[in-house]
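Heads up, the thing below is written out as structure tokens.
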There are 2 protein chains.
Amino acid sequence: MATLKDVAQRTGLGLGTVSRALSGHPNVRPETRRKVQEAARELGYSSNGLARALRRNRSYSVGLILPDLENEFYTTAASVVQRLLRDEGYRLLVSCNNNSSEVDAELLRSLMESRVDGIVHAPCTPEGADLVRAADPRVPVVEYARRSSARGVDSVIGDDERGAAEVVRHLVDLGHRRIAMVAGPPELSTTADRVRGFHDACARFGLPKRGCPVLHGPSYDARWGEAATRQILDRHPGVTAIFISGSRGALGALKAVRDRHVSVPRDLSLVGFLGPELLDVANPPLTRYVLPLEEMSTMTARLLLDRIQHPREQAAAEPNVMRFEGKLMVRESTAPPREHELPRSGGS
Amino acid sequence: MATLKDVAQRTGLGLGTVSRALSGHPNVRPETRRKVQEAARELGYSSNGLARALRRNRSYSVGLILPDLENEFYTTAASVVQRLLRDEGYRLLVSCNNNSSEVDAELLRSLMESRVDGIVHAPCTPEGADLVRAADPRVPVVEYARRSSARGVDSVIGDDERGAAEVVRHLVDLGHRRIAMVAGPPELSTTADRVRGFHDACARFGLPKRGCPVLHGPSYDARWGEAATRQILDRHPGVTAIFISGSRGALGALKAVRDRHVSVPRDLSLVGFLGPELLDVANPPLTRYVLPLEEMSTMTARLLLDRIQHPREQAAAEPNVMRFEGKLMVRESTAPPREHELPRSGGS
DNA sequence: CTGAAAGCGCTAACAC
DNA sequence: GTGTTAGCGCTTTCAG
């Protein structure tokens with residue numbers, strides 16, 4: 001491929017001038033610039049971004065590490081962040097850690113080698129991007145969706161605790177008193193927050209602790225949602241509502257209840273958390289707690305850009321923790337429990 | 001950050017030796033290597049990938065350009081390709097052209113500047129990645145899902161024509177004779193293929209041409225699916241089945257029929273194309289033609305890796321065109337048209 | 001406004 | 001085995 005030198009030779013100008021002409025430096029005679037541009041075009045010149053990045057110590061690329069690239073919850077982030085960063089001239093290195101701490105660490109290392117200007121990270125361990133902070137504390141990191149103990153990183157998260165509480169309140173309002181929660185891996189901050197919200201709300205409403213089991217699982221995927229729902233159906237027959245705290249889990253739950261011929265919401269109420277919009281056309285449309293993903297993603301990108309473009313304040317400013325409230329979208333998968341078809345006083 | 005030079009000074013060794021030690025070159029005494037590794041660790045050394053890439057003229061990164069990062073159809077590709085490439089040590093630059101030719105061209109240019117070793121491209125123009133071929137024909141390109149006229153590129157696509165024909169056959173088997181097709185932008189190869197398959201099949205089965213309208217739209221999104229469905233309901237009351245040829249369009253169609261209180265499949269049959277698995281829990285579960293996305297994505301990654309790792313044959317070998325067959329998944333959104341509840345001879 | 005020259009961090013070729 | 005050196009292509013002083 002043609003290099004700057006080629007363009008310089010072609011135009012008879014010096015390297016420096018050509019460089020300046022092409023990168024919009026002001027101190028270039030308009031005609032010179034024109035000539036350079038023409039020569040560049042004729043030669044099919046394409047600036048070597050690697051060389052530029054090396055020289056300027058700035059790669060104009062940022063990394064994005066997500067747990068899952070097929071989950072709406074995260075692809076929204078990928079999409080929004082990509083677009084916003086692109087508008088500012090940044091490229092996006094996207095990768096997926098599958099919630100594996102080994103993979104996560106390797107990806108972070110790889111991003112550091114690429115000398116990215118910043119990182120968006122959905123941590124899957126309590127340490128998060130500590131590795132990055134240690135290697136070069138100047139590289140800004142914004143945590144998305146989850147929090148870790150890494151110091152000096154911003155985070156953009158949902159108000160999981162409050163969301164879980166709202167779910168419980170909705171169910172209690174309908175008359176439920178035995179609610180099961182399907183949770184994810186305990187090491188994720190989101191799981192912890194949601195479980196806390198659930199427990200607190202249950203206590204506040206005086207629900208029987210033993211009637212409200214929490215099932216921790218290995219992941220947040222549909223398979224676990226299905227398995228957990230089956231378990232609840234088998235082992236906790238008294239439960240009248242299930243709260244499924246994962247973005248894909250609800251799909252598994254819908255499958256499980258359909259297989260078992262359990263009618264929702266007649267026999268059982270179902271509430272999802274963060275489920276995709278598609279669940280509006282599910283059978284039945286699913287009541288769920290949703291987070292403002294677009295806003296959160298936008299904020300993530302802005303925060304990162306800010307840190308990248310104003311490294312000065314980076315050192316000084318306190319890390320931001322932006323916690324976004326979601327809202328409960330009541331659909332058709334929740335209804336009063338069967339015992340409540342009659343006034344409360346009447347027993348079963 | 002620490003550089004090779006720092007490690008060299010620390011160990012008292014030469015630059016070359018340190019470089020070799022760290023990058024696994026055989027000609028290094030084991031003990032030397034150990035010492036180097038230790039020093040590197042102590043200094044928190046992280047190899048500068050930009051410098052390496054510049055020097056070796058190989059960036060170990062590849063680009064992926066998709067029309068939409070929130071659509072399951074494409075995120076599957078992103079996910080699979082990312083994983084497979086990562087396993088081979090490549091990073092993935094992901095971006096989205098939104099089916100805009102300007103954006104697409106700019107993204108391709110940006111990837112060339114990044115000196116990616118290869119590109120996966122879902123073209124949104126007939127020219128596709130011609131730009132890349134012109135700039136540097138050695139950079140391998142694999143087209144995904146769609147085809148362009150760019151020369152010397154491999155492509156991995158679905159058998160859209162056949163799929164559309166299968167959809168028609170299914171509906172005809174049920175007794176439908178007036179089938180509307182909701183299509184996408186005419187400039188996409190997929191649209192053309194599907195429409196051709198649709199028309200051919202209609203002709204083959206002797207369906208009335210005027211009873212089988214094809215609606216071309218500006219995109220393949222849910223909004224267009226909804227609008228088109230409404231249009232059909234309004235202007236083509238004779239139609240008994242709608243074939244929605246887009247991965248998100250079916251969601252819009254479901255919304256439209258629900259709003260209009262049209263009962264599916266009693267009043268109207270609905271068939272989707274490439275819709276997400278989630279549609280299995282839709283109301284009603286949607287009959288649709290699906291492509292083996294995982295296989296297709298895997299093939300895409302393999303093809304690209306092959307081209308990258310064996311540049312020799314690149315020049316020689318003919319471009320591959322891998323066309324994958326899908327299959328029709330019959331669910332509950334299709335049924336015989338109302339007139340057919342009685343034997344055929346009976347009129348309306 | 002333009003040219004010359006230094007050097008970003010690394011690898012690979014060549015000497016020893 | 002190891003050290004030295006020349007550059008990969010670019011930006012950015014510093015002179016003029």
Side-chain angles (χ1 to χ4, degrees), chain A residues 1-37 39-40 43-61 89 109-110 112-117 135-136 138, chain B residues 1-37 39-40 43-61 89 109-110 112-117 135-136 138:
Chain A
M1 295 214 55
T3 72
L4 262 197
K5 208 162 117 196
D6 298 325
V7 181
Q9 273 162 2
R10 173 96 164 201
T11 54
L13 292 162
L15 261 179
T17 309
V18 173
S19 170
R20 283 186 292 263
L22 253 21
S23 48
H25 194 95
N27 286 357
V28 175
R29 239 181 28 214
E31 203 200 310
T32 308
R33 171 159 292 145
R34 245 197 355 81
K35 254 182 22 197
V36 170
Q37 285 169 336
L43 291 169
Y45 170 76
S46 155
S47 159
N48 186 326
L50 298 168
R52 166 182 292 148
L54 176 60
R55 181 60 231 249
R56 308 213 330 195
N57 201 22
R58 202 119 169 359
S59 66
Y60 275 91
S61 69
R109 257 193 297 276
S110 168
M112 292 306 284
E113 279 203 12
S114 298
R115 295 294 189 263
V116 291
D117 297 334
D136 183 352
R138 292 166 311 175
Chain B
M1 296 213 55
T3 71
L4 263 196
K5 209 161 116 193
D6 298 326
V7 182
Q9 274 162 2
R10 172 97 167 202
T11 53
L13 292 162
L15 259 181
T17 309
V18 174
S19 170
R20 282 186 293 261
L22 252 21
S23 49
H25 195 94
N27 285 359
V28 175
R29 241 186 22 218
E31 203 199 311
T32 309
R33 170 160 292 144
R34 246 196 355 80
K35 253 180 23 195
V36 170
Q37 285 169 336
L43 291 169
Y45 170 76
S46 155
S47 159
N48 185 327
L50 299 168
R52 166 183 290 148
L54 176 60
R55 180 61 231 247
R56 309 214 331 199
N57 201 21
R58 202 114 170 358
S59 67
Y60 274 93
S61 69
R109 258 193 297 275
S110 168
M112 292 306 284
E113 280 201 13
S114 297
R115 296 294 189 264
V116 291
D117 296 335
D136 184 353
R138 292 166 312 177

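Lettering of chains follows the sequences in order, A, B, ..., and the numbering in each one begins at 1. Keep in mind the model is a prediction, meaning the values are calculated, not measured.
Five base pairs at each end of the helix from C:dC1-D:dG16 to C:dC16-D:dG1 define two local axes, and these are offset by 40° (rounded to 10°).
At whole-Å resolution of the value, CZ in B:Arg58 and P in D:dG9 are 16 Å apart. C:dC1 atom C1' lies 11 Å from atom CG of A:Leu13, rounded to whole Å. The distance between atom CG of A:Leu43 and atom P of D:dG9, rounded to the nearest whole Å, is 14 Å. If you take CG of A:Asp6 and P of D:dC8, they are 11 Å apart, rounded to a whole angstrom. Taking atom OH on B:Tyr60 and atom P on C:dT11, their separation rounds to 12 Å, with Å as the unit. Protein atom CD of A:Glu113 is 20 Å distant from nucleotide atom P of C:dC8, rounded to whole Å. Between A:Asn57 atom CG and C:dG7 atom C1' the separation is 13 Å, expressed in whole Å. Remark: C1' of C:dT11 and CG of B:Leu54 are 10 Å apart, rounded to the nearest angstrom.
For the atom pair CG of B:Leu54 and CZ of A:Arg52, the computed distance is 13.0 Å after rounding to the nearest 0.5 Å. Taking CZ from B:Arg115 and CE from A:Met1, the interatomic distance works out to 5.0 Å, rounded to the nearest 0.5 Å.
Between the B:Thr11 side chain and the B:Val7 main chain, a donor and an acceptor come within less than 3.5 Å of each other. Listed for the A:Ser19 side chain is no donor-acceptor partner under 3.5 Å among the backbone atoms of A:Leu15. Here the side chain of A:Ser114 pairs no donor or acceptor atom with the backbone of A:Val116 at under 3.5 angstrom.
Taking 4.5 Å as the limit, every side-chain heavy atom of A:Glu113 sits out of range of all side-chain heavy atoms of B:Asn48.
Place B:Gly14 and B:Arg115 on DNA chain D by their nearest nucleotides, and B:Gly14 ends up nearer the 5' end.
For residues 10-26 of chain A, the pairs satisfying salt bridge (Lys or Arg N to Asp or Glu O under 4.0 Å) are A:Arg10-A:Glu42, with sequence neighbours left out.
Note on B:Gly49: nothing from the nucleic acid sits closer than 4.0 angstrom, heavy atoms only.
Remark: nothing in residues 24-37 of chain B comes within less than 4.0 Å of DNA chain C through any heavy atom.
Heavy-atom neighbours of A:Asp136 CG from other residues, nucleotides or ligands within 6.0 Å: above the threshold of 12.
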Indicate for each nucleotide in nucleotides 11-16 of chain D, in 5' to 3' sequence, whether protein heavy atoms under 4.0 Å reach the base (B), only the sugar-phosphate (S), or nothing (-). BBB---
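The ring pair (Phe, Tyr, Trp, His ring centres under 6.0 Å) check on A:Tyr45 picks up nothing, with sequence neighbours excluded.
In terms of heavy atoms, B:Ser59 sits closest to B:Ala53 at CA-CB, 3.7 Å.
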Could you list the donor-acceptor pairs under 3.5 angstrom formed between side-chain atoms of residues 28-36 of chain B and any protein atom two or more places apart in sequence or on another chain?
from    : atom 1 : to      : atom 2 : distance (Å)
B:Arg33 : NE     : B:Ala21 : O      : 3.0
B:Arg33 : NH2    : B:His25 : O      : 2.3

